[in-house]
Number of protein chains: 2
Amino acid sequence: MQEKLRSHIEKIVRLNDEEFELVLSHFSIAEFRKNQFIFKEGEKVKQAYYVVSGLLKLLYTDSSANQHIISFAMEDWWESDFYAYFTQTKATMSLHCLEKTTVYCLSLDSYQHLCTHVPKMESFFLQKSNLGFIGSQQRILSLLTTNAKERYEQLLERYPSLLQRVSKTQLASYLGVSRETLSRLYS
Amino acid sequence: MQEKLRSHIEKIVRLNDEEFELVLSHFSIAEFRKNQFIFKEGEKVKQAYYVVSGLLKLLYTDSSANQHIISFAMEDWWESDFYAYFTQTKATMSLHCLEKTTVYCLSLDSYQHLCTHVPKMESFFLQKSNLGFIGSQQRILSLLTTNAKERYEQLLERYPSLLQRVSKTQLASYLGVSRETLSRLYS
DNA sequence: ATGCACCTGTGACATTGATCACTAATATGA
DNA sequence: TCATATTAGTGATCAATGTCACAGGTGCAT
């Protein structure tokens, strides 16, 4: 399990055993059942999560009670309501398990401690953050430039496994269309 | 001019004179006329840009030659095609001046040099990147959950000055609607 | 001052996607 | 195993937005 975290980090920065021990000591492990909430809108967000196994969705519920999926988080992904996490305020989004999921948890204190005491980890987080930013920008572009059908096809191409793991209803919510419209795209 | 850059950085990390000298030595200044391109789709992206004054748009041109504005960059903002910048590949987007604009330029080498030799700058970039990521995620949420009218109102609330500085056509392109639709939202 | 490019508003119509209603199929839990 | 909830597909209709066409206004360059 910790090998997974280690090799994930070492894809970006090398750590010796001692360094990794220190890093690891700042994480805790948690396991959640399918359909369990890791946190809900309105709660304080105390941790950022690295997904060891399972599948999460980050979702927002609007004033008409419609759910919108901001992102899925699969194995090897980091997820949280990062605004709430970094500002230590209450979540506007919820994090929900689509499958039984195991995560490593990192508190903001630990995050900051690692950044200041293990420079390589600051580099690691910087790289991750840059990639996250670029990914979000791609998603914006996709929402601006393509219709439902094209977005669906892009998604299938990029994450073919998702189709097996989540319901069409969830996919529709991620793509920003109603489930009925999604259903009609391939019929 | 360099005071502007310095106080921008010092909003996040303190630098002494010596440190700032070193930082500054990695930037170069450039000035662009209104309507000039800083880079175009297909070109290599060698710099990231900090806007001292003026206004930029980052845009993508789709296969039907429609322009989509991914973001505006006003005073104190950083902008580039960050995917192309970090991977040193060709731009898929273009960066264009909506006004006469002065920028500080930072090459990827300089960026990396600063990150490794001036830890505070790595902290600075990490914080910037996190904020950028959070901002993008807000934008995704806005595109997923609101219609054209609400997005327009959100934009006016957040950046009231934009309305004075850019044409409605540009605003529409940022909001992801046709200019005709935008025009009808307030009539 | 003249001409031209660009911006803006608006009518007519087409298209996309949302909503509501219903049915069937599948999965889940007691 | 049975009851119930969830999921998926589809028709009918409606609302939002796009597209095309045109006209008037504004500002810039020669």
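In what follows, every chain begins at residue 1, and chains take the letters A, B, ... in the order their sequences are listed. Any value given below was found using the heavy atoms of this structure, including those in side chains, with hydrogens, waters and symmetry copies removed.
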Table of protein N/O atoms under 3.5 Å from nucleotides 20-28 of chain D N/O atoms:
{"residue": "D:dC20", "atom": "N4", "partner": "B:Glu180", "partner atom": "OE2", "Å": "3.1"}

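- Remark: A:Leu24 pairs with A:Gln2, A:Leu5, A:Phe20, A:Tyr104 by the side chain to side chain contact (heavy atoms under 4.5 Å, CB included) rule, at least two apart or across chains.
- When the side chain to side chain contact (heavy atoms under 4.5 Å, CB included) test is applied to A:Ser64, the partners found at least two apart in sequence or on another chain are A:Asp62, A:Asn66.
- A:Gln67 places its CD atom 16 Å from the P atom of C:dA18, with the value rounded to the nearest Å.
- One atom, CG of B:Leu182, and another, P of D:dT19, lie 15 Å apart when rounded to the nearest Å.
- Atom CG of B:Asn35 and atom P of C:dA5 are 15 Å apart (whole Å).
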Do B:Ser123 and A:Glu122 pass the side-chain hydrogen bond (donor to acceptor under 3.5 Å, both in side chains) test, and can you show the C-alpha distance, the side-chain angles, and the key distance before you say yes or no? CA-CA 7 Å; B:Ser123 304; A:Glu122 185 153 60; 3.2 Å; yes
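- For B:Thr92 against B:Asp81, the heavy-atom pair with the smallest separation is N-OD2, 3.0 Å.
- With rounding to whole Å, A:Glu150 atom CD is found 13 Å from C:dT16 atom C1'.
- To the nearest angstrom, C1' of D:dG18 lies 13 Å from CG of B:Asp62.
- Of the two residues near DNA chain C, B:Tyr186 and A:Asn147, the one whose nearest nucleotide lies more 5' is B:Tyr186.
- Taking a pair as Watson-Crick or G-U wobble with both distances under 3.5 Å, the runs of three or more consecutive pairs in DNA chain C are C:1-30 with D:1-30.
- Using a 30° and 60° split on the angle between ring planes, A:Tyr85 and A:Phe82 fall in the perpendicular class, above 60°.
- Atom NE2 of B:His68 is separated from atom P of D:dG18 by 11 Å (rounded to the nearest Å).
- Using cut-offs of 30° and 60° for the angle between ring planes, the B:Tyr49 and B:Phe32 rings count as perpendicular.
- Using a 4.0 Å cut-off, no side-chain N or O of B:Thr181 falls inside it from OP1 or OP2 of D:dT17.
- With respect to the salt-bridge test (charged N to carboxylate O, under 4.0 angstrom), the residues A:Asp17 and A:Arg6 qualify.
- In the region residues 162-177 of chain A, proximity to DNA chain C at under 4.0 angstrom, judged on heavy atoms, holds for A:Gly176, A:Val177.
- Between B:Tyr152 atom OH and D:dA16 atom C1' there is a gap of 18 Å when expressed in whole angstrom units.
- Ring orientation note: the planes of B:Tyr159 and B:Trp77 are nearly perpendicular, at an angle over 60° on the 30°/60° scale.
- B:Ser136 and A:Ser136 share no donor-acceptor pair across their side chains, judged by distance under 3.5 Å alone.
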Output side-chain donor-acceptor pairs under 3.5 Å for residues 35-42 of chain B, partner residues at least two apart or in another chain, one line each.
{"residue": "B:Gln36", "atom": "OE1", "partner": "B:Arg33", "partner atom": "N", "Å": "2.7"}

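- With hydrogens and angles ignored, the 3.5 Å screen pairs no side-chain donor or acceptor of A:His113 with any backbone N or O of A:Asp109.
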